[in-house]
Amino acid sequence: MQYSSKELEKNWQEYWAENRSFEPSEDFAKEKKYILSMFPFPSGRLHMGHVRNYTLSDAFARYYRQQGFNVLHPIGFDSFGMPAENAAIKNGSHPKKWTYENIDYMKGEFKSLGFSFSKEREFATSDELYTKFEQGFIIDMYEKGLLYRKKGFLNWCESCHTVLANEQVIDGCCWRCDNQVVKKDMNQYYFKITDYADELLLDLNKLEDGWPKQVLTMQENWIGKSNGLEFKFCFDEESLKKLGGNFDGFEVFTTRPDTIYGVSYTAIAPEHEIVTYMIENSLLDENTIAKIKEMKNASSIDRQKTKSGFALGLDVVHPLTKKNVPLWVANFVLMDYGSGAVMAVPAHDERDFDFAKKYNLPINAVIKPFGEELKKDEAYTEVGELFNSELFDGLNSKDAQSKIIEYFQAQGIGKKTTNYKLKDWGVSRQRYWGAPIPFVHCDSCGIVMEKKENLPVALPEDIEITGEGNPLEKHPTWKHCKCPKCGRDAVRETDTMDTFVESSWYFLRFCASPKNWQEEAFSKEQIKYWMHQGQEGVDHYIGGIEHAILHLLYARFFTKVLRDLGYLDFDEPFGRLLTQGMVLKDGAKMSKSKGNTVDPDAIIEKYGADTARLFILFAAPPTQELEWNDSAVEGAYKFIKRFYERSVNVDKLETTPYIEQASLTKEEKFARKKVYEALVRANDVYSERYTFNTMIAGVMEAMNALNLQTNRDVWSEGYWILSSIMEPVIPHVCWDISSKYFALKNLTQQKVIEEVFAQDSITLGVSVNGKRRCEIEVAIDAPKDEIVAIAKEKAQKWLEGKTLIKEIVVPKKLVNLVVKD
RNA sequence: GCGGAUGUGGUGAAAUUGGUAUACACGCCAGACUUAGGAUCUGGUGCCGUAAGGUGUGGAGGUUCAAGUCCUCUCAUCCGCACCA
């Protein structure tokens, strides 16, 4: 039995393809598991991160198939997106051609890795059939008011020539190309994700058991709910006059109403309408206007560096004290949070304090620590006792918050409000390779939806991609059409959708039987079975942590929207989420620019897919980083080789051999015990721990134990079980062994036999005062007295001259003798 | 600053509920077989020490018969968010 990965793996890959081995059944009476990896962008080649991702989901899928479940383990391609266009600009190829060629190549890679994906449910999101149903949802959402168009001050990436959503701006830079993002004023479509802010936050509770805590926290912070008081500052007489009666005041939001008596100035964002009005009407001097404009145009990073601002020469009236308070424009006030205006309490807020120090504004303390002096050189932001706060003096600041809100409400001058950091999701992109937004601009009817029977609104293929401007805009005929409503000449929307829209519902499309693909996106019945039998959502969703906010938040939002549109009946798309760690080489993330990549194809060529899979699952638990190690890969290969070649000790069987446990030698019993221990461990791993490394270690131990004995029945039983346990990890070699010896009959659920764990005697550790000194061997059913007596004798040396005060026997573990001098 | 994690041999990492710390593997050392080995097999390998023994899970305390595991404080590293009023 000489191991040769190449031929062996190819044979089984062909066998699986011919036998449709991994297609899910349409029998909805069976228990199911939906195992899903985050689908890839067809960049051209798989990288090790992909291999890790799909190796994990494949192990789950194969395991559950063995356990008798109906398993859906699909794959597709997230195939719209900028890199296709960038490649087109660079090589003059067409984005569509580039994309679909890459898909073909990557499908070959999937095959060569032995992933048990359903082939019949494969699709790419750039397929027109997919676009058709997506556009249908978009129309539904527009009708429900969940999609709208407005002019906004948007994130614009100069190098990608497109708008970005807030979630796609990382540290002020584009998530894709890392270029600095600038602000641009333009029209854009938005999904009303803020309507779901509260539910998205609340339902995180449902995910507590299935999702990593880190991801839940990140989403919670991103949604950023805060409760507080909203009220209006009104201008004094003089200021009203200055503004020509156009503004009577402005709203502010605060989470610290308890500090209201400490307000010493107010501030508004440079983008605020009052500032705009003052600039347009020359109510400020030239120099100030220039500085404010500069402030507006500064990048978000520059804007954070130092605080700056200008007094606007206006005063507002404090709502409670009725005293005048000055109004400033300040760069630290953000237009897109709350109302773009704040009350400032330098004594109890660090930002307000810094600003007040810089511009010599008054600092009025109104909260002091209990029984301590207040420090003057910093803002006191902790809980404390109110003073200088009229009728609220003496209150605990926590209690004062609700009391003051109640007071404002009673007086009718303010109300309790909730604010979110989450903003609406901007979805239009000014690029070609995306799903067209199915709207038409008509001079007489305004924005009109395309009729559903005309979907999809497909992309034209005869385009010229130069990187300058939107190719759809420049196409000679595509955008000219008739208004679906009045029939007059109209113009198509040339914006396409953010690619995150496609990935927000692809997991639902996989639930649809390909038989019905033409007629519907998915059926309620199919969705109910795959997504909502037992646990809610996909059973195991596996992917990188980098999607903790973007994709995972959008997909949750889409699921809730489709529920409200009547397409499905549940709230959350992914019941269990496993976020895999990165693949590193030399301590850094593998990347082309660093030149530390390992090409999966080369590893398969040299060692085979099984080796790559074994190494990946063995080297670290799934959630941890995985350091690539060439000699450990070599080690994985050697294990497989030994595993394969030692199968010569196995006899052909169609069921496990009968073994008389009592007749076995010590080594034979030990080997059997190790085999079944490995089985127990394997079942644990899939049910909750996912630590494949320990499962594999168990199998290695069992192999080592088998090798210490020569009983062919024990070898055969061992291989029957071990090749079943290992099949999800190294499927090719296991199917080969299984077919040669066991007619593939062992690739099913295996039963644990308890008798192999029975022992006549057991080794116990003996410690004196908790320090391990020696060990003893006693009969399994030895009474406590006897165990203690043996332990005392064996540990005599450490007991001499001391008084024994306590004896502790932990059954099957150890004996602890407590002594003192 | 806020939030989340993680610290165990030379390395990747094990250790259900507190119960023999370092399983499994890589590496290293020695030996066997070899003309040769980056092949294969066997044995060894936390640290200090010739040994007896001592010591050891980032650090300091604590609870306990017993702590990698529980509690308090602290240090370091990584990740995420970050002027959110």
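Please read these numbers as outputs of a predicted model, since none were measured by experiment. The analysis underlying the following values was restricted to heavy atoms, covering all of them including side chains, and did not include hydrogens, waters or symmetry mates. So that the names make sense, note that chain A is the first sequence line, chain B the second, and so on, each numbered from 1.
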**Q** Within the structure shown, what part of the strands sits under 4.0 Å from W628(A) by heavy-atom distance: base, sugar-phosphate, or nothing?
**A**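 No contact.
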
**Q** Does atom CD of E350(A) have more than 12 heavy-atom neighbours, drawn from other residues, nucleotides or ligands, at distances under 6.0 Å?
**A**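 No, the 6.0 Å shell around CD holds no more than 12 heavy atoms from other groups.
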
**Q** Which nucleotide sits closest to the side chain of T694(A): A15(B), C41(B), C84(B)?
**A**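 Among the listed nucleotides, the one closest to the side chain of T694(A) is A15(B).
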
**Q** Within the structure shown, what part of the strands sits under 4.0 Å from E775(A) by heavy-atom distance: base, sugar-phosphate, or nothing?
**A**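 It contacts base atoms.
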
**Q** For M703(A) and A25(B), what is the distance between atoms CE and P respectively, to the nearest whole Å?
**A**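 Distance, rounded to whole Å: 11 Å.
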
**Q** For K358(A), I'd like to know if atom NZ has over 12 heavy atoms of other residues, nucleotides or ligands within 6.0 Å.
**A**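 Atom NZ in K358(A) is packed in, count exceeds 12.
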
**Q** Under 6.0 Å from the NZ atom of K291(A), do we count more than 12 heavy atoms belonging to anything else shown?
**A**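 No, NZ of K291(A) has 12 or fewer neighbouring heavy atoms, counting only those of other groups under 6.0 Å.
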
**Q** Taking atom NZ of K421(A) and atom CH2 of W222(A), what is their separation to the nearest 0.5 Å?
**A**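 So the gap between those two atoms works out to 9.0 Å.
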
**Q** Less than 4.5 Å apart, any side-chain heavy atom of L626(A) and any of F618(A)?
**A**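 They are not in contact (no side-chain heavy atoms under 4.5 Å apart), so the answer is no.
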
**Q** Can you identify which nucleotide, out of A52(B), G3(B), C24(B), has its nearest atom closest to the T217(A) side chain?
**A**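 In terms of side-chain proximity for T217(A), the closest of A52(B), G3(B), C24(B) is G3(B).
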
**Q** Could you tell me how far apart D684(A) (CG) and A23(B) (P) are, to the nearest whole angstrom?
**A**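 Atom CG in D684(A) sits about 21 Å away from atom P in A23(B).
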
**Q** Looking only at side-chain N and O atoms, does R646(A) come under 4.0 Å of OP1 or OP2 in C41(B)?
**A**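 R646(A) to C41(B) OP1/OP2: side-chain N or O found under 4.0 Å.
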
**Q** List the atom pairs, donor and acceptor, that lie under 3.5 Å between side-chain atoms in residues 259-268 of chain A and the rest of the protein, sequence neighbours left out.
**A**
from: T259(A); atom 1: OG1; to: R256(A); atom 2: O; distance (Å): 2.8
from: Y261(A); atom 1: OH; to: E390(A); atom 2: OE1; distance (Å): 3.3
from: S264(A); atom 1: OG; to: P362(A); atom 2: O; distance (Å): 2.6
from: Y265(A); atom 1: OH; to: D352(A); atom 2: O; distance (Å): 2.9
from: T266(A); atom 1: OG1; to: P326(A); atom 2: O; distance (Å): 3.3

**Q** Specify the separation, in whole Å, of atom NE2 of H547(A) and atom P of G80(B).
**A**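 One finds 14 Å between P of G80(B) and NE2 of H547(A), rounded.
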
**Q** How do L814(A) and A619(A) order along RNA chain B: which one's closest nucleotide is nearer the 5' end?
**A**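 Nearest-nucleotide comparison on RNA chain B picks A619(A).
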
**Q** For a stem of at least 3 consecutive Watson-Crick or G-U pairs with distances under 3.5 Å, i pairing with j, i+1 with j-1 and so on, which stems involve RNA chain B?
**A**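 Stems for RNA chain B, defined as runs of 3 or more consecutive pairs: B:1-7 with B:75-81, B:10-12 with B:24-26, B:27-32 with B:40-45, B:46-48 with B:53-55, B:58-62 with B:70-74.
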
**Q** How long is the line joining NZ of K674(A) and C1' of C24(B), in whole Å?
**A**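 Answer to the nearest Å: 10 Å.
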
**Q** Would you say the side chain of N816(A) and the base of C65(B) hold a donor-acceptor pair, judged only by whether the two atoms sit under 3.5 Å apart?
**A**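 Yes, the side chain and the base share a sub-3.5 Å donor-acceptor pair.
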
**Q** Closest approach to the side chain of Y337(A), judged atom by atom: which nucleotide of G19(B), C84(B), A5(B) is it?
**A**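 Minimum distance to the Y337(A) side chain belongs to C84(B).
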
**Q** Go through the structure and list residues passing salt bridge (charged side-chain N to carboxylate O under 4.0 Å, His left out) with R642(A), not counting sequence neighbours.
**A**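 In terms of salt bridge (charged side-chain N to carboxylate O under 4.0 Å, His left out), with neighbours along the sequence ignored, R642(A) is linked to no residue.
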
**Q** In terms of side-chain heavy atoms of K421(A), which of G27(B), C81(B), U20(B) is nearest?
**A**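 My answer, after comparing the listed nucleotides, is C81(B).
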
**Q** Which part of the nucleic acid does K771(A) contact within heavy-atom distance under 4.0 Å: base, sugar-phosphate only, or nothing?
**A**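 Sugar-phosphate contact only.
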
**Q** Flag yes if more than 12 heavy atoms outside E793(A) fall under 6.0 Å of its CD atom; otherwise flag no.
**A**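 No.
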
**Q** Should R689(A) be listed as having a side-chain N or O under 4.0 Å from OP1 or OP2 of A15(B)?
**A**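 Checking A15(B) against R689(A), a side-chain N or O does come within under 4.0 Å of OP1 or OP2.
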
**Q** Give the rounded distance in Å between these two atoms: CZ of R773(A) and C1' of A66(B).
**A**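 That distance rounds to 14 Å.
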
**Q** Which nucleotide sits closest to the side chain of K806(A): A15(B), C65(B), G19(B)?
**A**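 Nearest listed nucleotide: C65(B).
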
**Q** Can you tell me the distance, in whole Å, between the NZ atom of K213(A) and the P atom of C79(B)?
**A**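 Answer to the nearest Å: 21 Å.
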
**Q** Write down the distance between CG (D336(A)) and P (A85(B)), rounded to a whole number of angstrom.
**A**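 Those two atoms, CG and P, are 13 Å apart.
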
**Q** Looking at the side chain of K813(A), which of A85(B), U17(B), C79(B) is the nearest nucleotide?
**A**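 Of A85(B), U17(B), C79(B), U17(B) is nearest to the side chain of K813(A).
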
**Q** With a 4.0 Å cutoff (strictly under), does any side-chain N or O of K638(A) reach OP1 or OP2 of U40(B)?
**A**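 Yes, within the criterion.
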
**Q** Tell me whether the OP1 or OP2 atom of G19(B) has a side-chain N or O from K812(A) closer than 4.0 Å.
**A**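 No, outside the criterion.
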
**Q** Select base, sugar-phosphate, or nothing to describe what S226(A) touches, counting heavy atoms under 4.0 Å on all strands.
**A**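 The answer is sugar-phosphate, as S226(A) gets under 4.0 Å only of primed atoms, P, OP1 or OP2.
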
**Q** Using the P atom as the reference point in each nucleotide, state the distance between U72(B) and C78(B) in Å, no decimals.
**A**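 So the two P atoms sit 26 Å from each other.
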
**Q** Does A25(B) have OP1 or OP2 under 4.0 Å away from a side-chain N or O of N629(A)?
**A**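 N629(A) to A25(B) OP1/OP2: no side-chain N or O under 4.0 Å.
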
**Q** Syn or anti: how is G9(B) classified when any glycosidic angle within 90° of 0 counts as syn?
**A**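 This nucleotide is in syn.
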
**Q** For a quick check of understanding: with a heavy-atom distance under 4.0 Å over all strands, which category does E634(A) fall into, base, sugar-phosphate or nothing?
**A**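 Here E634(A) touches no strand at all.
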
**Q** For the side chain of P621(A), counting heavy atoms from C-beta on, which of A14(B), A25(B), A85(B) is nearest?
**A**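 From the listed options, A14(B) comes nearest.
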
**Q** F618(A) near the nucleic acid: base, sugar-phosphate alone, or nothing, with a heavy-atom cut-off under 4.0 Å?
**A**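 Since a base atom lies under 4.0 Å of F618(A), the category is base.
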
**Q** Scan side-chain atoms only and decide if Y644(A) and Q2(A) contain a donor-acceptor pair under the 3.5 Å cut-off.
**A**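 No, no side-chain donor-acceptor pair sits under 3.5 Å.
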
**Q** For a quick test of reading the model: is some side-chain N or O of N693(A) closer than 4.0 Å to OP1 or OP2 of A25(B)?
**A**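 Looking at the OP1 and OP2 atoms of A25(B), neither is under 4.0 Å from any side-chain N or O of N693(A).
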
**Q** Counting heavy atoms from C-beta on, name the nucleotide in G19(B), A13(B), G4(B) closest to the side chain of Q624(A).
**A**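 Looking only at side-chain atoms, Q624(A) lies closest to A13(B).
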
**Q** Figure out the NZ/P separation between K792(A) and C65(B), and round it to whole Å.
**A**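 From K792(A) NZ to C65(B) P: 19 Å.
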
